[in-house]
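Data block below; observations after.
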Number of protein chains: 2
Amino acid sequence: MTSSDETSAGAPAPRRQARGQRRIEEILGAAAQVFVRDGYDAATTNAVAKEAGISPGSLYQYFRNKDEIAHGLAERFAAGLAELQAAAFDGVDPLSLTLEELVRRVIDPVVAFNVAHPAFKTLFARTDPPPGLAEATAPLDASIHERAARLVAARAPHLAPDDAQRVSVVATQIVRATMPLVVAASGDERERMAAEARAALVAYLRAATG
Amino acid sequence: MTSSDETSAGAPAPRRQARGQRRIEEILGAAAQVFVRDGYDAATTNAVAKEAGISPGSLYQYFRNKDEIAHGLAERFAAGLAELQAAAFDGVDPLSLTLEELVRRVIDPVVAFNVAHPAFKTLFARTDPPPGLAEATAPLDASIHERAARLVAARAPHLAPDDAQRVSVVATQIVRATMPLVVAASGDERERMAAEARAALVAYLRAATG
DNA sequence: GACAAACACGAGCAATCGCTCGTATTCTCG
DNA sequence: CGAGAATACGAGCGATTGCTCGTGTTTGTC
């Protein structure tokens, strides 16, 4: 789907060839590196193009601006994360697990994903993203929050809808905030930090869902 | 102290007059507004000067660059926060309080401070600040973390130093992450969010220091 | 009142950014 | 093969940014 949503068909949306699809992947990969190296705000489209080994003109044949690159990356991340989560709950009823086990199955893949894709947190783990980035990552945020809300609703059906909403927002925020700490740690320290993140989430959920 | 730390005395550091001190305060106030309106990265020194009603040249007589403005603001915030916390614990032994009461005394003033100074979170509540900003807010971060570490050490003396370190870092991060949610809410919802933030902190600390 | 230091101005420089556009090459498909 | 679409290039435009500098004004001190 990568950047094919045409609201008002200004441009006829070119039919991509295999080469073009490859280029898009290369650009997203390069963008991820640049976002990690320079941060999203300081990242420039020219730097992304250079990192990808192409000219600025070529880049703009696939993405109309920096936010759209972020949008493409966010879509890629959302898909990867969804797949990982699906695998973690493959044929398992979330209700049959202890809270500790549930949290572990949620957090551990997320940790692994963050370690494997350090650019993820430059898009997702921001408390006050600039407007353009917020728009680009909205679908990613939505899909993550929906999964969280579904789990909370399943585990605490007695909660009023807006209470459940608050709980899932806070829980998501706890994960969002602790993930950079886990990723920043290395060696043994990382697993200890991950354990701490899980403990925080378990403790909060236990308290909030009675 | 506002921007008087001269490591290598390149410039003789002018002796400020009353008018200059006033200007510095005006500039910091203007910067706070601009940071809130545009975000730190998008904020420009020219915009700060215009907001303060002075010329760019005048601004640069007090601050050498944007990061130094952030540094000045961070110092101001650190002082205000320290004062608020001191008042909250005025003549009270933290050990004599229940954990709920302790957390309330820490969080409520912080919430009030965040509401009163919306620029605070543009400097502090960031998961991956650009290098310049990180340097500018380092003293602020340090002073906050030191207070957190002291409380954790007092309440959980049996914890090994590096375990205590981890707990205070995670606890601080939880506050950092939930504060924007609280501030963003309005009316009754804000107090409910604040309650949720307190609950998360209490639950985590109980589990981690139990 | 005179002199120096502090304060204030604002046009504009040098650098950078996002992005365009004219042109050349490669692919697809009849 | 030949035509049209997709891909690729990169110099450079218009706009913006952080910051400077020459000049004039106010303040404090003797």
Side-chain angles (χ1 to χ4, degrees), chain A residues 2-4 6 9-28 30-31 34-35 37-72 130-133 135-136, chain B residues 2-4 6 9-28 30-31 34-35 37-72 130-133 135-136:
Chain A
T2 322
S3 84
S4 65
E6 290 296 330
R15 215 182 59 77
R16 296 282 171 221
Q17 313 182 328
R19 182 171 42 147
Q21 291 291 355
R22 238 179 296 131
R23 272 275 180 268
I24 288 177
E25 292 305 311
E26 287 169 11
I27 291 169
L28 290 182
V34 174
F35 288 172
R37 195 185 57 215
D38 302 340
Y40 181 77
D41 298 282
T44 72
T45 53
N46 286 358
V48 172
K50 176 180 276 187
E51 180 71 40
I54 63 177
S55 74
S58 297
L59 188 153
Y60 278 88
Q61 232 148 27
Y62 299 100
F63 299 97
R64 276 185 299 208
N65 52 50
K66 188 165 67 162
D67 291 333
E68 219 175 67
I69 299 178
H71 180 78
L133 179 59
E135 198 174 343
Chain B
T2 323
S3 85
S4 65
E6 292 294 331
R15 218 183 55 80
R16 297 283 171 219
Q17 314 183 322
R19 182 172 42 147
Q21 290 291 355
R22 237 179 294 131
R23 271 274 179 270
I24 288 177
E25 291 305 310
E26 287 169 12
I27 291 170
L28 290 181
V34 174
F35 288 172
R37 196 185 58 215
D38 302 340
Y40 181 78
D41 298 283
T44 71
T45 53
N46 286 358
V48 172
K50 176 179 275 186
E51 181 70 41
I54 63 176
S55 74
S58 296
L59 188 151
Y60 278 89
Q61 233 147 29
Y62 299 101
F63 299 97
R64 276 185 298 207
N65 52 50
K66 188 164 68 162
D67 291 332
E68 219 175 67
I69 300 178
H71 180 77
L133 179 58
E135 197 175 343

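Chain letters run A, B, ... following the sequence lines, proteins first and then strands; every chain starts at 1. Every heavy atom of this structure was used, including side-chain atoms; hydrogens, water molecules and symmetry mates were not.
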**OP:** Measure the OG1-NZ distance between A:Thr45 and A:Lys66 for me, rounded to the nearest 0.5 Å.
**Re:** 8.0 Å
Salt bridge (Lys or Arg N to Asp or Glu O under 4.0 Å) partners for [X], two or more places apart:
X        : result
B:Glu135 : none
A:Arg19  : none
A:Arg22  : none

Subject >> Set of residues satisfying side-chain hydrogen bond (donor to acceptor under 3.5 Å, both in side chains) with respect to A:Gln61, sequence neighbours excluded >> reply: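 So A:Gln61 forms no side-chain hydrogen bond (donor to acceptor under 3.5 Å, both in side chains) with any residue.
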**OP:** Identify, with sequence neighbours excluded, every residue that meets side-chain hydrogen bond (donor to acceptor under 3.5 Å, both in side chains) alongside A:Glu26.
**Re:**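 Counting only residues at least two positions away or on another chain, A:Glu26 forms a side-chain hydrogen bond (donor to acceptor under 3.5 Å, both in side chains) with A:Arg23.
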Original post:
Hey, is the side chain of A:Tyr60 poking within less than 4.0 Å of OP1 or OP2 on D:dA8, counting only N and O atoms?
Top reply: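 A:Tyr60 to D:dA8 OP1/OP2: no side-chain N or O under 4.0 Å.
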Original post:
According to the salt bridge (charged side-chain N to carboxylate O under 4.0 Å, His left out) rule, which pairs have a member within residues 52-61 of chain A, sequence neighbours left out?
Top reply: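 Listed once each, the pairs would be none.
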Original post:
Which pairs with one or both residues in residues 50-63 of chain B pass salt bridge (charged side-chain N to carboxylate O under 4.0 Å, His left out), sequence neighbours excluded?
Top reply: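 Those involving residues 50-63 of chain B are B:Arg37-B:Glu51.
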**OP:** By nearest nucleotide on DNA chain D, pick out whichever of B:Gln61 and A:Gly57 is the more 5' one.
**Re:**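 Mapping each residue to its closest nucleotide by heavy atoms, the 5'-most match is A:Gly57.
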Original post:
If you pin A:Arg23 and B:Lys66 to their nearest nucleotides in DNA chain D, which one's is more 5'?
Top reply: A:Arg23
**OP:** Report the residues that fulfil side chain to side chain contact (heavy atoms under 4.5 Å, CB included) with B:Thr44, sequence neighbours left out, ordered by chain and then residue number.
**Re:** B:Asn46, B:Ala47
Subject >> Partner residues of A:Asp67 under the side chain to side chain contact (heavy atoms under 4.5 Å, CB included) criterion, sequence neighbours left out >> reply: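 Listed in chain order: A:Tyr40, A:Asn65.
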Original post:
Contact boundaries of DNA chain C with chain B (under 4.0 Å, heavy atoms), 5' to 3'?
Top reply: C:dA6 to C:dG10
**OP:** Tell me what B:Gly20 touches on the nucleic acid: a base, only sugar-phosphate, or nothing, going by heavy atoms under 4.0 Å.
**Re:**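 The residue B:Gly20 makes sugar-phosphate contact but no base contact.
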**OP:** Any chance you could list the contact pattern along nucleotides 23-30 of chain D? Use B for base contacts, S for sugar-phosphate-only contacts and - for none, protein heavy atoms under 4.0 Å, 5' to 3'.
**Re:** ---BSS--
Subject >> Nucleic acid contacts - residues 42-56 of chain A versus DNA chain C, non-hydrogen atoms under 4.0 Å >> reply: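 Here the set is A:Ala43, A:Thr44, A:Thr45, A:Asn46, A:Pro56.
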